Amino acid sequence: MSDPHTETSREADAPAEASRHFIRQIIDADQASGKWGGRVHTRFPPEPNGFLHIGHAKSICLNFGLAKEFGGACNLRFDDTNPVKEEQRYVDSIIEDIRWLGFRWEGEVRFASDYFDFMYECAERLVQDGKAYVCDQTPEEMRKARGTLTEPGTPSPGRNRSPDENLDLLRRMRAGEFPDGSRTLRAKIDMASPNIVMRDPVMYRILHATHHRTGDAWPIYPMYDFAHCLEDSMERITHSICTLEFENNRPLYDWFLDNLGVHHPQQIEFARLILNYTVMSKRKFLELVRDGHVMGWDDPRMPTISGLRRRGYTPESIRAFSEEVGVSKYNSTIDVVRLENAIRDDLNKRAPRRMAVLNPVKVVIENYPEGEVEYLDAVNNPEDASCGVRGVPFAREIYIERDDFMEDPPKKFFRLAPGAEVRLRAAYWITCTGVVKNDAGEIVELRATYDPQTRGGDNPPPDAEGKVRKVKGTLHWVSAQHAVDAEVRMFDRLFTAENPDKRPKDAPEDPPEDWDYKQNLNPESLVTLRGCKLEPMLAERGADEPEWSDGIRRFQFERLGYFCIDADSKPGAPVFNRTVTLKDSWSRAGGK
RNA sequence: UGGGGAUUGGUGUAACGGUAGCACGACUGACUCUGACUCAGUUAGUAAAGGUUCGAAUCCUUUAUCCCCAGCCA
């Protein structure tokens with residue numbers, strides 16, 4: 001039962017040593033004062049109008065994580081108050097993503113639409129109390145009457161209607177008597193408030209739309225500000241955690257809750273996650289998918305949870321990342337290398353090593369007997385001895401990486417070159433003895449000799465003077481006759497600019513409307529390699545290959561990076577996705 | 001120009017009137033059958049100016065900069 005994956009997942013969270021960020025401190029204080037009777041009840045309230053992204057993952061980890069940490073509970077509740085934008089398929093994908101991230105919610109999945117009756121009752125009560133009224137203004141009229149940031153608004157004519165008249169009108173709205181957009185129900189607060197949110201906000205709008213759950217039962221739908229606080233209240237949420245932009249709305253929630261005299265959760269705002277080299281809005285995701293810049297919402301280049309999953313990210317790495325970036329009210333930008341680092345860190349410990357040659361060049365080992373094959377033991381994971389070894393076939397003809405050979409190498413090039421000796425990982429030391437080129441001058445084959453005394457990659461015995469020969473470089477390789485062909489998709493960041501939304505200074509001036517973030521798309525974000533050569537173990541699941549909790553098979557291709565098997569794979573035609581490269585101080589130093 | 005938030009090394013985040021710490025990055029070096037991992041070391045910060053105090057990142061005043069709000073979206 002002690003499979004290495006559950007162990008790692010426990011380590012990945014480690015809230016005990018985690019920093020006491022400001023929300024933890026608030027809860028600490030509440031627990032100390034007994035404010036909620038020791039209760040901690042949070043919720044994650046997505047709108048089912050798109051796929052979840054890494055920013056949501058941070059919120060999910062926060063809400064579910066806090067509940068777990070304080071022995072409380074966290075609800076999953078869909079904020080489905082706008083039927084024209086919401087769909088069941090989004091509900092399904094969101095549920096899948098949260099489960100995949102490893103979180104379980106309290107009770108059943110909840111929906112704002114479950115509370116529509118209650119919300120409506122609340123609305124009638126506010127009308128009866130003279131605190132809400134039906135407004136007949138058109139959207140344009142309402143906008144003009146709202147005033148500006150510096151000027152107060154002017155009251156709607158409907159503002160002084162009697163409660164009885166308002167109640168009658170509201171009931172007729174609810175009965176479906178009026179066309180879309182003809183009337184609204186508004187809270188009677190303060191048209192001169194410096195906080196525009198408080199200038200008689202709309203509570204209900206008329207919308208004859210079919211809702212994905214309530215069907216045609218309702219011709220009116222509550223607005224977010226009115227609905228959301230009541231949903232939290234209904235569920236007796238203690239800590240209602242949301243992003244910074246809702247800070248302005250908090251006084252309005254307070255107003256609704258206090259005037260209704262219902263359970264009043266504490267709202268706490270934190271800064272949403274911003275990552276560089278990517279975009280993070282549903283509108284842009286939709287656009288990238290629609291225009292074919294990516295293959296879909298789950299394209300491995302997308303920062304969606306489904307995209308990261310397909311890319312090969314593990315739930316553990318995303319949870320660790322979320323914890324590591326912290327929680328504050330400062331609008332900071334996180335470097336994507338932090339995310340890449342999180343997945344490297346996890347996969348380094350857990351991913352079995354395999355050898356794969358992506359850009360192959362053949363090497364013929366001239367002094368190795370023709371027709372002979374031997375199986376050499378290769379370590380599956382140097383980080384975890386319990387993973388054991390596997391047999392890798394070796395023969396006279398092998399493939400190595402084209403980049404691992406240079407005819408005229410610079411200093412400090414530890415790989416293969418004419419006359420140079422290198423180690424083949426887990427196999428023999430070879431020395432390059434020749435280069436075969438075609439008429440175009442391209443290298444088509446390398447010739448080499450091997451040293452039988454280095455079998456397994458070991459150092460050869462000392463020579464007559466007691467000196468031991470050494471090599472600096474170790475190359476990965478694959479036996480030509482045993483190699484399995486594969487397609488490998490090399491993903492890179494989707495945008496070349498740190499902030500894709502920012503117009504570069506050298507962008508053409510006119511017409512300025514012509515420029516948008518898509519100009520920053522990275523044309524090389526996907527490079528598909530075909531005819532890659534894999535060691536045979538990669539073609540089938542080996543006995544020594546661990547089972548991943550989500551069924552996705554992930555590997556380290558030695559010296560290259562981490563890769564996973566894509567769902568596009570077919571029997572005999574495997575497709576791998578590159579999750580992330582290994583850190584490479586050679587190329588960083590300008591080696592390549 | 002109204003209101004609401006925010007500002008600590010390159011990046012992110014602690015310190016809550018008493019030694020500015022941690023992580024990531026970068027740079028050195030060690031180790032190495034992955035130029036990976038690991039290990040050791042170096043680097044660099046309180047937005048500005050005043051004030052209170054024995055003592056200020058922390059309290060006060062002023063300034064600067066950034067973010068959010070004028071949907072019948074959430």
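What you see is a predicted model, and the numbers here were worked out from it, not measured in a lab. A, B, ... follow the sequence lines: proteins, then strands. Residue 1 opens every chain.
The aromatic rings of Tyr120(A) and Tyr204(A) stand perpendicular to each other, their planes meeting at an angle above 60°, with 30° marking the opposite boundary. Using bins of under 30°, 30° to 60° and over 60° for the plane-to-plane angle, the ring pair Tyr450(A)/Phe394(A) lands in the tilted bin.
Lys329(A) has a carboxylate O that lies under 4.0 Å from a charged side-chain N of Glu247(A), or vice versa, which qualifies the two as a salt bridge. Under 4.0 Å is where a charged nitrogen must lie from a carboxylate oxygen, and between Glu374(A) and Arg455(A) at least one such pair does.
Counting only heavy atoms from C-beta on, Gln556(A) has its side chain closest to U34(B) among G2(B), A74(B), U34(B). Checked against G12(B), G4(B), C72(B), the side chain of Arg205(A) finds its nearest nucleotide in C72(B). Listed nucleotides C72(B), C69(B), G5(B) differ in distance to Lys329(A); the shortest reach to its side chain belongs to G5(B). In this structure, of G12(B), A74(B), A70(B), it is A74(B) that holds the atom nearest to the side chain of Asn249(A). Of the candidate nucleotides U34(B), A70(B), G5(B), G5(B) has the atom nearest to the side chain of Leu244(A). Listed candidates were G2(B), U8(B), C69(B). Nearest to the side chain of Asn248(A) is C69(B). For Lys583(A), the listed nucleotide lying nearest its side chain is A36(B); candidates were U11(B), C27(B), A36(B). Nearest nucleotide to the side chain of Glu383(A), out of A36(B), A74(B), C72(B): A36(B). Residue Asp79(A) has its side chain nearest to A74(B) when only G2(B), A74(B), G25(B) are considered. Of the candidate nucleotides A70(B), C68(B), C72(B), A70(B) has the atom nearest to the side chain of Ile196(A).
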When you look at Lys85(A) and Glu47(A), which way does the salt bridge (charged side-chain N to carboxylate O under 4.0 Å, His left out) test go after all the steps? CA-CA 9 Å; Lys85(A) 286 189 176 172; Glu47(A) 185 191 10; over 6 Å; no
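Taking atom OH of Tyr330(A) as the reference point, atom P of A6(B) lies 13 Å away to the nearest angstrom. Rounded to whole Å, atom P of G21(B) lies 23 Å from atom NE2 of His21(A). If you take CD1 of Ile206(A) and P of C73(B), they are 12 Å apart, rounded to a whole angstrom. Rounded to an integer number of Å, the gap from CZ of Arg20(A) to P of A15(B) is 11 Å. Atom C1' of nucleotide G4(B) and atom CG of Asp254(A) are separated by 13 Å, given to the nearest angstrom. As a whole-Å value, the separation of Leu207(A) CG from G71(B) C1' is 13 Å. Rounded to whole Å, the distance from CG on Leu230(A) to P on A74(B) is 14 Å. Rounding to whole angstrom units, CG of residue Asp584(A) and P of G35(B) are separated by 9 Å.
Remark: the Arg415(A) side chain and the G35(B) base include a donor-acceptor N/O pair separated by less than 3.5 Å. For C69(B), its base never sits under 3.5 Å from the side chain of Glu245(A) at any donor and acceptor pair.
Here Asn459(A) lies out of heavy-atom contact (under 4.0 Å) with every strand. Using a 4.0 Å heavy-atom distance criterion, Met142(A) is classed as a base contact. Counting any heavy atom pair closer than 4.0 Å across all strands shown, Val471(A) reaches no nucleic acid atom. Here Lys472(A) lies out of heavy-atom contact (under 4.0 Å) with every strand. Among the atoms of the strands shown, none is found under 4.0 Å from any heavy atom of Glu269(A). Within 4.0 Å of Phe246(A), counting heavy atoms only, lies at least one base atom of the nucleic acid. Nucleic acid contact class of Glu247(A) (heavy atoms, under 4.0 Å, all strands): sugar-phosphate only. Among the atoms of the strands shown, base atoms are found under 4.0 Å from some heavy atom of Leu582(A).
Comparing the same atom, C1', in U52(B) and in G17(B) gives a spacing of 11 Å after rounding to whole Å. A26(B) and U34(B) have their C1' atoms separated by 23 Å, given to the nearest Å. Nucleotides A44(B) and A49(B) are separated by 24 Å at their C1' atoms, to the nearest Å. Straight-line distance between the P atoms of G18(B) and A23(B): roughly 23 Å, to the nearest whole Å.
Stacking of the aromatic ring of Phe414(A) onto the base of G35(B) is found: the ring centres lie under 5.5 Å apart and the planes are inclined by under 30°.
Counted within 6.0 Å of NZ on Lys472(A), heavy atoms from surrounding residues, nucleotides or ligands total 12 or fewer; the atom is thus considered open. The environment of Arg174(A) atom CZ is dense: over 12 non-hydrogen atoms of other residues, nucleotides or ligands sit within 6.0 angstrom.
Val379(A) approaches Pro382(A) most closely through the heavy-atom pair CG1-N, 3.7 Å.
For the OP1/OP2 pair of G2(B) and a distance below 4.0 Å, the side-chain nitrogens and oxygens of Thr148(A) include no atom meeting the criterion. Checking the phosphate oxygens (OP1, OP2) of G5(B), no side-chain nitrogen or oxygen of Arg250(A) falls inside 4.0 Å. Distances shown here put a side-chain N or O of Arg559(A) below 4.0 Å from the OP1 or OP2 atom of G35(B). Phosphate contact (OP1/OP2 of G71(B), side-chain N/O of Arg146(A), threshold under 4.0 Å): present. One finds no side-chain N or O of Arg423(A) lying less than 4.0 angstrom from the OP1 or OP2 phosphate oxygen of U34(B). Close to A36(B), at under 4.0 Å from its OP1 or OP2, lies no side-chain N or O of Arg588(A). Taking 4.0 angstrom as the limit, Ser328(A) places none of its side-chain polar atoms (N or O) nearer than this to OP1 or OP2 of G12(B). The side chain of Gln25(A) contributes an N or O atom lying less than 4.0 Å from OP1 or OP2 of A15(B). Close to G3(B), at under 4.0 Å from its OP1 or OP2, lies no side-chain N or O of Ser193(A). Distances shorter than 4.0 Å separate none of the side-chain N or O atoms of Asn331(A) from OP1 or OP2 on C68(B).
With its glycosidic angle more than 90° from 0, G29(B) adopts the anti conformation.
Between the CZ atom of Phe44(A) and the CZ atom of Arg110(A) there is a distance of 15.0 Å, given to the nearest 0.5 Å.
Between the side chains of Gln453(A) and Arg469(A), no donor-acceptor pair is found at a separation under 3.5 Å. Counted by atom type alone, Glu87(A) and His212(A) present zero donor-acceptor pairs between their side chains at under 3.5 Å.
In terms of position on RNA chain B, the residue among Pro46(A) and Arg455(A) whose nearest nucleotide sits closer to the 5' end is Arg455(A). Of the residues near RNA chain B, Asn195(A) and Asn341(A), the one whose nearest nucleotide (by heavy atom distance) lies more toward the 5' end is Asn195(A).
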Tell me, what's RNA chain B's dot-bracket, Watson-Crick or G-U with both distances under 3.5 Å, | for other-strand, [ ] crossing? .((((((..((((....[..))))((((((.......))))))...(((((..]....))))))))))).....
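At least one side-chain heavy atom of Asp254(A) sits less than 4.5 Å from a side-chain heavy atom of Arg250(A).
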